[in-house]
Asks: 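Could you have a look at this structure, given as structure tokens, before my questions?
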Amino acid sequence: MARIDGISDEEASFMTKRVFAAAAAQTGAVPDPLRIMAKSGGTMWGAGFFEIAIGRAKSVPERLKTLVCLKTASMVGCVF
């Protein structure tokens, strides 16, 4: 459970709703970290573009990128 309440669907702007819909299509539901990042538009867009850039990077194999993400999450104590 997050300490910060995220943005609800009613509070979200048009573009934020589109981002929420894309995330829900990929994961089945809108993740809470995305709702929290949406409180700051710059943070949400920055994280989104970073994810796109990481996904398009071809110099590192996909399996290694996934392993690095999991290791980083475990090191920083991410519950997601």
Asks: Would you mind listing every side chain to side chain donor-acceptor pair (under 3.5 Å) that reaches into residues 43-55, with sequence neighbours excluded?
Replies: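 Residue pairs with at least one partner in residues 43-55: Ser40-Thr43.
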Asks: What's the spacing between Leu34 CG and Met44 CE if we round to 0.5 Å?
Replies: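 It is 6.5 Å, given to the nearest 0.5 Å.
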Asks: On a heavy-atom basis, which atom in Ile7 and which in Ala12 lie closest, and how many Å separate them?
Replies: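 Closest pair (atom of Ile7, atom of Ala12, distance): CG2-N, 3.7 Å.
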Asks: On a heavy-atom basis, which atom in Gly55 and which in Lys65 lie closest, and how many Å separate them?
Replies: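 Closest approach of Gly55 to Lys65, heavy atoms only: O-NZ, 3.7 Å.
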Asks: In the single-linkage hydrophobic clustering (I, L, V, M, F, W, Y; side-chain heavy atoms under 4.5 Å), do Val19 and Met15 co-cluster?
Replies: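 As far as the 4.5 Å side-chain criterion goes, Met15 and Val19 are connected within one cluster.
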Asks: Find the distance between CE (Met37) and CG (Asp32) and round it off to the nearest 0.5 Å.
Replies: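 Met37 atom CE to Asp32 atom CG measures 11.0 Å (nearest 0.5 Å).
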Asks: Is there a continuous path of hydrophobic side-chain contacts, each under 4.5 Å between heavy atoms, that joins Phe49 to Phe20?
Replies: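 Same cluster.
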Asks: Under the criterion side-chain contact (heavy atoms from CB on, under 4.5 Å), I'd like the reasoning laid out for Ile4 against Arg35: C-alpha separation, chi angles, the key distance, then a yes or no.
Replies: CA-CA 10 Å; Ile4 301 170; Arg35 289 189 182 276; over 6 Å; no
Asks: Please check if Met75 and Leu64 belong to a single hydrophobic cluster, counting links between Ile, Leu, Val, Met, Phe, Trp and Tyr side chain heavy atoms closer than 4.5 Å.
Replies: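 Different clusters.
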Asks: Check the hydrophobic clustering (I, L, V, M, F, W, Y; side-chain heavy atoms under 4.5 Å; chains of links allowed) and say if Phe50 and Ile52 are grouped together.
Replies: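 Result: no, two separate clusters.
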Asks: Between the side chain of Glu11 and the main-chain N/O of Ser8, is any donor-acceptor distance below 3.5 Å?
Replies: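 Yes, because the side chain of Glu11 sits within donor-acceptor range (under 3.5 Å) of the backbone of Ser8.
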Asks: Walk me through whether Lys17 and Asp9 qualify under side-chain contact (heavy atoms from CB on, under 4.5 Å).
Replies: CA-CA 7 Å; Lys17 287 179 184 179; Asp9 291 333; 5.5 Å; no
Asks: Ignoring hydrogens and geometry, is there a side-chain-to-backbone donor-acceptor pair from Lys39 to Gly6 under 3.5 Å?
Replies: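 Not a single qualifying donor-acceptor pair exists.
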Asks: How close do Ala29 and Thr27 get, heavy atom to heavy atom, and via which atoms?
Replies: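 Distance-wise, the nearest heavy atoms are O-OG1, 2.5 Å.
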Asks: Could you measure the distance from the CZ atom of Phe14 to the OG1 atom of Thr16? Nearest 0.5 Å is fine.
Replies: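 Going from CZ on Phe14 over to OG1 on Thr16, the span is 10.5 Å.
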